Amino acid sequence: MANFLSKSFLAQSFCIPAPTLTEKNLPPQNGRVHLITGGYAGVGKQLATILYEKNAKVFIAGRNEEKALEAIRQIKKQHPSSSGSLYFLQLDLNDLTTIKPAVLDFISRESRLDVLVNNAGVMFPPNGSKTRQDHDMQFGTNLLGPFLLTKLLLPTMIQTVNIAAPNSVRVLWAASSGVQVLSPKGGIVFDDSGTPKVFDSQATNYGQTKVGNVLLAIKLQEIYRLQGIRSLSFNPGNLQTELQRHSSGWLMKMSQSMLHPAKFGAYTELFSGWSEEVAADQNITYVIPWGRDGTKLMRSDITRAIKNGLADKMWEWCELETSQFL
């Protein structure tokens, strides 16, 4: 596995080809509606900027209204000729009670949603960090929050399929190179009760949650493909963003040498959510920097675990933990 891992990691981290879909060749987005979690900083803000420049309607979802409104002001100032629109949507992925009210707010204003980008997440918080529902912070924020948000928005997205281009209604899930280098053997370790194991290492837990995003993308597409929903996970790349705010020591020093501007991560997301190549190729499920099919680069032990039902386990756990908040 070591040779495969090295090849896979290198392909996603170094000598990356130029992006094929950027703000220069993205078609106009007039009339389309998009929702980006964490869209007021880092990669999410860069993606929101590109979409707004192309006249899209963009909802920026998160917990910090002040940051969001300032980002919206900056984006509008940057592109004064845009006919698009930007809105803030209040939700906190750390607190499942905030998600349904956010969705109700959204659907009171919109009857369509073309692309949902589960962009926000947390990496390496202090040991013992918990969500409002007492889940491990990374499992709650990176998996349960996005799962619940997606499930509640799916009826609107299915409705949108009827008025949108084929294969253009998509749900995106943020994975990372942590899938390859940080997750344990098999990707995720479940205990006998069907609950993911929380390790002492926050790096290992982060790697597990990113595998979880891959699994949710696969399972969602399996369930909803016939209803016209495409679901993909993506590794945005090794980027200079706020995601590293909890990182320190040797890991951070090692990663500094291969960090790229956040805008390149937005190009990975752009390919995942808006590329015609993805529309044409139904077999693309995992995208790597800066917009390439990385489906076959998944670690072999994770691929075997998926064939043996790992995605089903993840979906079932998320359903169980979020059912009371639907």
Side-chain angles (χ1 to χ4, degrees), residues 35-45 59-69 71 87-108 116-154 171-176 178 188-191 193-213 215-216 220 241-247 313-326:
L35 195 159
I36 307 169
T37 61
Y40 47 71
V43 176
K45 181 182 177 183
F59 284 79
I60 293 175
R63 62 185 178 181
N64 194 319
E65 183 175 8
E66 183 179 352
K67 280 188 175 181
L69 294 179
Y87 300 101
F88 172 61
L89 190 68
Q90 182 83 54
L91 64 79
D92 185 351
L93 294 174
N94 294 330
D95 184 356
L96 298 177
T97 66
T98 71
I99 295 178
K100 187 172 184 178
V103 171
L104 291 175
D105 180 17
F106 175 81
I107 62 178
S108 73
L116 167 61
V117 186
N118 289 308
N119 165 81
V122 63
M123 182 174 74
F124 307 165
N127 285 339
S129 297
K130 301 285 187 179
T131 68
R132 285 290 300 275
Q133 284 71 45
D134 205 36
H135 291 287
D136 170 80
M137 178 70 75
Q138 292 184 112
F139 278 97
T141 304
N142 297 351
L143 292 173
L144 295 178
F147 176 85
L148 179 60
L149 176 65
T150 301
K151 196 161 188 183
L152 289 168
L153 286 169
L154 275 169
V171 180
L172 309 184
W173 307 80
S176 84
I188 297 181
V189 177
F190 284 88
D191 63 23
S193 69
T195 300
K197 178 180 178 179
V198 178
F199 288 84
D200 292 334
S201 166
Q202 289 291 56
T204 302
N205 293 330
Y206 176 74
Q208 289 194 105
T209 66
K210 296 294 98 178
V211 173
N213 290 133
L215 300 176
L216 291 178
L220 179 66
T241 72
E242 291 185 3
L243 191 60
Q244 291 89 16
R245 63 187 178 276
H246 297 300
S247 303
K313 281 188 176 182
M314 175 52 60
W315 190 271
E316 289 165 5
W317 177 71
C318 288
E319 281 201 318
L320 178 65
E321 297 299 326
T322 61
S323 60
Q324 64 180 300
F325 303 100
L326 291 170

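Note: hydrogens, waters and symmetry copies are ignored here, and every other heavy atom, side chains too, is used. Every value quoted in this text rests on a predicted model; they were computed, and no experiment measured them.
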Could you check whether the rings of Y40 and F88 sit parallel, tilted or perpendicular, using 30° and 60° as the cut-offs?
tilted
Show the numbers, then the answer: is there a side chain to side chain contact (heavy atoms under 4.5 Å, CB included) between T150 and L216?
CA-CA 10 Å; T150 301; L216 291 178; over 6 Å; no
Set out, in order, the CA-CA distance, both residues' side-chain angles and the distance that settles side chain to side chain contact (heavy atoms under 4.5 Å, CB included) for L320 and T195, then state yes or no.
CA-CA 10 Å; L320 178 65; T195 300; over 6 Å; no
Measure across A175 and K210 and return the closest heavy-atom pair with its distance rounded to 0.1 Å.
C-CD, 3.6 Å
For K197, does the NZ atom have more than 12 heavy-atom neighbours from other residues, nucleotides or ligands under 6.0 Å away?
no
Which is it for I188 and L215 under the side chain to side chain contact (heavy atoms under 4.5 Å, CB included) test, yes or no, and what are the steps along the way?
CA-CA 10 Å; I188 297 181; L215 300 176; 3.8 Å; yes
Using a 4.5 Å cut-off on heavy atoms from C-beta on, say whether the side chain of K130 contacts that of H135.
no
In Å, rounded to the nearest 0.5 Å, how long is the span from CG of D105 to CG of L91?
10.0 Å
Close side-chain approach of Y87 and I60, heavy atoms under 4.5 Å
no
Closest approach of A203 to F124 (non-hydrogen atoms, all atoms of both residues)
CA-CE2, 3.4 Å
Rounded to the nearest 0.5 Å, the CG atom of L149 sits from the CG atom of L89 at a distance of 8.0 Å
Can you check whether E321 reaches F139 side chain to side chain, under 4.5 Å on heavy atoms?
no
Is the backbone N or O of N119 less than 3.5 Å from a side-chain atom of T37, with the two atoms forming a donor-acceptor pair by type?
yes
Residue pair D95 / Q133, side-chain heavy-atom distance below 4.5 Å
yes
Quick one: does I99's side chain get under 4.5 Å of L152's, heavy atoms only?
yes
What are the two closest heavy atoms between G140 and P146, and how far apart are they?
O-CD, 4.3 Å
Output for pair (W315 CH2, L220 CG), nearest 0.5 Å, gives 4.5 Å
Begin from the C-alpha positions of N127 and D200 and carry the test side chain to side chain contact (heavy atoms under 4.5 Å, CB included) through to its verdict.
CA-CA 8 Å; N127 285 339; D200 292 334; over 6 Å; no
May I ask you to test the L143-M314 pair for a side-chain heavy-atom distance under 4.5 Å?
yes
Inter-residue atom distance L172.CG - L35.CG, 0.5 Å rounding
11.5 Å
Considering residues at least two apart in sequence or located in another chain, which fulfil the ring pair (Phe, Tyr, Trp, His ring centres under 6.0 Å) criterion with F106?
F59
Taking A61's backbone N and O only, do any of them form a donor-acceptor pair with Q90's side chain (distance below 3.5 Å, no angle check)?
no
Without swapping roles, check the side chain of Q208 against the backbone of V189 for a donor-acceptor pair under 3.5 Å.
yes
Answer yes or no: is there a side-chain heavy-atom contact under 4.5 Å between L93 and L144?
no
Heavy-atom closest pair (G194 atom, W317 atom, distance to 0.1 Å) is O-CD1, 3.6 Å
Any residue meeting salt bridge (charged side-chain N to carboxylate O under 4.0 Å, His left out) with E319, in chain and number order, not counting sequence neighbours
K151
Tell me yes or no: between the side chains of N94 and T141, is some donor less than 3.5 Å from an acceptor?
yes
Backbone N/O of V122 and side chain of N142: donor-acceptor pair under 3.5 Å
yes
Quick one: closest heavy-atom pair of Q202 and P126, and the distance?
NE2-O, 3.4 Å
Is any side-chain heavy atom of K100 closer than 4.5 Å to a side-chain heavy atom of V103?
no
